[in-house]
Amino acid sequence: MNERDTLKINGKGHLEIGGADCVELAAQFGTPLYVYDEAYIRAMMRAYRDTIAEAYDGNGTVLYASKAFSCTAIYAIAKSERIGVDVVSGGELYTAMRAGFPPEKICMHGNNKLPREIAYALECGVGTIVVDAFSEADLLEREAEQRGMIQNVLIRINPGIEAHTHAYVQTATTDSKFGFSVSDGTAQKMSEYLLGKKHLRLKGYHCHIGSQIFEQQSFVLAAEKCLKFVAEIKQKTGFEAEVLNLGGGFGVWYTDEDKKIDLKIYLRAVIDAVKTQCEKYGLRRPHLMLEPGRSIVGEAGITLYTVGAIKEIPNVKKYIAIDGGMFENPRYSLYQSKYTAMFANRAAEPPCELVSVAGKCCESGDLIGTNINLPKAETGDILAFFTTGAYHYSMASNYNRNFIPPAVLVKDGKAEYIVKPQTYEDLVRNDVIPNYLK
Ligand code: LLP
């Protein structure tokens with residue numbers, strides 16, 4: 001799959017996503033608007049599910065990492081595709097449960113799960129909890145004991161791979177708030193600690209080496225290091241992991257600087273590495289889990305904006321301002337992320353100038369892109385930003401009391417809300433004026 005499978009230019013010269021005319025979508029639903037192509041999301045879920053099933057003899061599970069985009073509809077789609085999900089908070093778990101998602105197919109993460117989140121996860125019957133602290137292990141044991149249950153757990157380990165990606169989203173280097181290092185002995189200590197817990201059943205290990213990764217070798221190396229660790233633990237403690245969760249992180253296309261990954265080739269390489277290492281160390285093949293987020297929803301989504309003010313600073317730069325900004329796409333201000341964009345209402349026109357796209361927040365750093373190549377902008381143009389399906393809606397805020405935009409799902413050319421628009425009333429819903437101020 002690539003962005004061209006979901007995006008087309010139609011006979012009117014308008015951009016289409018999943019068969020829906022973006023100019024019509026903007027007119028019908030307003031802007032800013034997150035738009036998702038359901039067929040693309042399903043195709044990606046199936047690509048993971050089926051490749052793991054074929055290449056690993058059905059002994060694997062794909063878990064959609066719902067932090068990339070969490071709303072009830074996405075869990076409903078994941079459920080109908082018979083895949084699992086990963087959640088990282090009580091809020092994501094609640095959203096999945098509201099969508100009727102089977103709890104046994106949920107894996108819960110978090111480097112600092114709150115007591116109430118742990119209690120809620122146990123009440124829901126979450127399939128797997130990935131333990132990331134000694135204090136968490138104690139809390140989990142107590143809570144599970146109180147409920148007379150045994151909870152399946154994995155340990156988040158840090159195999160010490162440095163994946164080539166933006167520093168802020170690297171999670172497996174030695175200095176990380178995530179996981180236990182395999183090299184300094186803490187991952188082993190944690191294994192022994194959990195093996196001593198009566199109400200926790202250690203099933204295996206989890207690692208996640210970062211996000212937006214393109215080097216196949218990083219994943220292969222992570223698999224190799226994890227299995228070497230599994231073999232060492234088996235030798236030292238007799239415990240042989242039944243589950244290996246290799247996390248997510250597969251890169252997607254944002255601009256032509258990003259290579260197009262052939263997902264199946266990547267997955268097969270990782271799976272081959274797992275098989276080879278198991279043979280090398282004489283291990284049973286563990287149940288393999290993968291947790292892709294961005295690669296499932298990233299390219300499935302675009303954001304539509306309306307161009308407002310246009311400001312040209314002679315010999316410096318041209319700004320075009322849109323009705324969105326850092327409140328609905330904080331990725332540029334956080335990571336200087338790069339994007340490709342197009343005017344949906346004149347999609348066939350060749351680009352002719354590089355502009356900065358500014359948001360409407362009261363903050364100079366509120367840009368959503370620089371050096372965006374576009375035709376000459378006019379107020380009222382409908383601007384489409386590509387590959388905004390992951391970590392956009394899920395990272396949005398009400399900064400400056402702007403609305404978090406609604407999201408629509410396109411199926412067979414027709415769009416429906418999956419997240420409704422906010423109202424001014426929503427913005428003040430939880431506000432309280434103490435009596436003494438009245
Ligand atoms: N599993 C774990 C434990 C993770 O921490 C993550 C992402 C994933 C899976 C999914 O990774 P993906 O396949 O989506 O790369 N806000 C950043 C991305 C942060 C990723 C955090 N963890 C961004 O906007 O680029």
Side-chain angles (χ1 to χ4, degrees), residues 34 41 44-45 47-48 61-70 74 78 83-89 92 106-113 128-133 153-159 161 163-173 176-180 205-215 218-219 222 226 243-255 258 261 263 266-267 270 288-301 303 326 328-339 368-369 385 387-397:
Y34 299 116
I41 296 171
M44 291 309 293
M45 288 178 175
Y48 275 102
T61 307
V62 51
L63 304 161
Y64 162 63
S66 62
K67 61 181 79 63
F69 177 55
S70 176
I74 196 77
I83 66 168
V85 298
D86 109 33
V87 297
V88 292
S89 68
E92 284 184 359
I106 299 180
C107 178
M108 183 158 198
H109 285 283
N111 69 304
N112 185 30
K113 298 173 197 76
T128 313
I129 296 183
V130 182
V131 177
D132 201 355
V153 296
L154 302 179
I155 299 174
R156 180 155 182 170
I157 59 172
N158 189 331
I161 308 292
H164 293 272
T165 181
H166 195 288
Y168 289 172
V169 286
Q170 275 177 19
T171 50
T173 49
S176 169
K177 70 169 183 170
F178 296 109
F180 294 94
Y205 298 97
H206 167 273
C207 86
H208 171 75
I209 57 166
S211 200
Q212 186 62 357
I213 298 168
F214 289 94
E215 294 83 10
S218 310
F219 294 107
C226 285
V243 175
L244 179 62
N245 181 334
L246 289 175
F250 289 94
V252 301
W253 173 92
Y254 285 96
T255 70
D258 301 318
I261 283 184
L263 185 65
Y266 268 62
L267 288 182
V270 177
L288 183 64
M289 292 178 172
L290 291 176
E291 290 169 345
R294 189 192 312 267
S295 51
I296 287 187
V297 289
E299 290 180 54
T303 307
M326 64 196 294
E328 52 73 35
N329 174 9
R331 295 190 71 255
Y332 179 82
S333 31
L334 282 172
Y335 322 117
Q336 293 75 53
S337 307
K338 293 182 179 169
Y339 291 96
I368 61 163
F385 258 55
T387 317
T388 63
Y391 305 110
H392 278 237
Y393 172 75
S394 63
M395 291 175 72
S397 74

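It should be emphasised that the depicted structure is a prediction, and the values quoted were computed from it without experimental measurement. Only heavy atoms go into these numbers, but all of them, side chains included; no hydrogens, no water, no symmetry mates. Counting convention: from 1, in listed order, for ligands and their atoms alike.
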Per-atom contacts, ligand 1 versus Met395 - under 4.0 Å to a heavy atom: 16 (N), 24 (O)

Atoms in ligand 1 flagged as close to Pro292, the criterion being non-hydrogen separation under 4.0 Å: 13 (O)

Option set Lys67, Arg294, Gln212, His206, criterion heavy-atom distance to atom 25 (O) of ligand 1, minimum: Arg294

Trace of the salt bridge (charged side-chain N to carboxylate O under 4.0 Å, His left out) decision for Asp86 with Lys67: CA-CA 8 Å; Asp86 109 33; Lys67 61 181 79 63; 3.4 Å; yes

Gly210 N/O under 3.5 Å from ligand 1 N/O: no

Separation between CG of Asp132 and CG of Leu154, rounded to the nearest 0.5 Å: 11.5 Å

Aromatic ring proximity, centroids under 6.0 angstrom, His206 and His109: yes

Rounded distance [0.5 Å steps], CG in Leu290 versus CG in Leu63: 8.5 Å

Proximity of Ile213 to ligand 1 by residue part, where a heavy atom lies under 4.0 Å: neither

Pairing residues for Ala390 by the side chain to side chain contact (heavy atoms under 4.5 Å, CB included) criterion, not counting sequence neighbours: Ala68, Arg294, Val297

Nearest-0.5 Å distance, CD1 of residue Ile155 to CG of residue Asn245: 13.0 Å

Rounded distance [0.5 Å steps], OH in Tyr332 versus NZ in Lys338: 9.5 Å

Distance filter under 4.0 Å to Gly249 heavy atoms, resulting ligand 1 atoms: 11 (O), 12 (P), 13 (O), 15 (O)

Backbone or side-chain N or O of Arg156 under 3.5 Å from ligand 1 N or O: no

Shortest non-hydrogen separation from Thr303 to Glu328 and the atoms involved: CG2-OE1, 3.9 Å

Residue part near ligand 1, for Ala68, under 4.0 Å between non-hydrogen atoms: neither

Aromatic ring proximity, centroids under 6.0 angstrom, Phe219 and Phe250: yes

Atom indices of ligand 1, in the order listed, that fall short of 4.0 Å to a heavy atom of Gly293: 12 (P), 13 (O), 14 (O)

Asp86 neighbourhood, listing ligand 1 atoms whose heavy-atom distance to it stays under 4.0 Å: 1 (N), 9 (C)

Ala65 neighbourhood, listing ligand 1 atoms whose heavy-atom distance to it stays under 4.0 Å: 8 (C), 9 (C), 10 (C)

Contact check: Tyr335 vs ligand 1, nitrogen or oxygen atoms, below 3.5 angstrom: yes

Proximity of Arg331 to ligand 1 by residue part, where a heavy atom lies under 4.0 Å: side chain

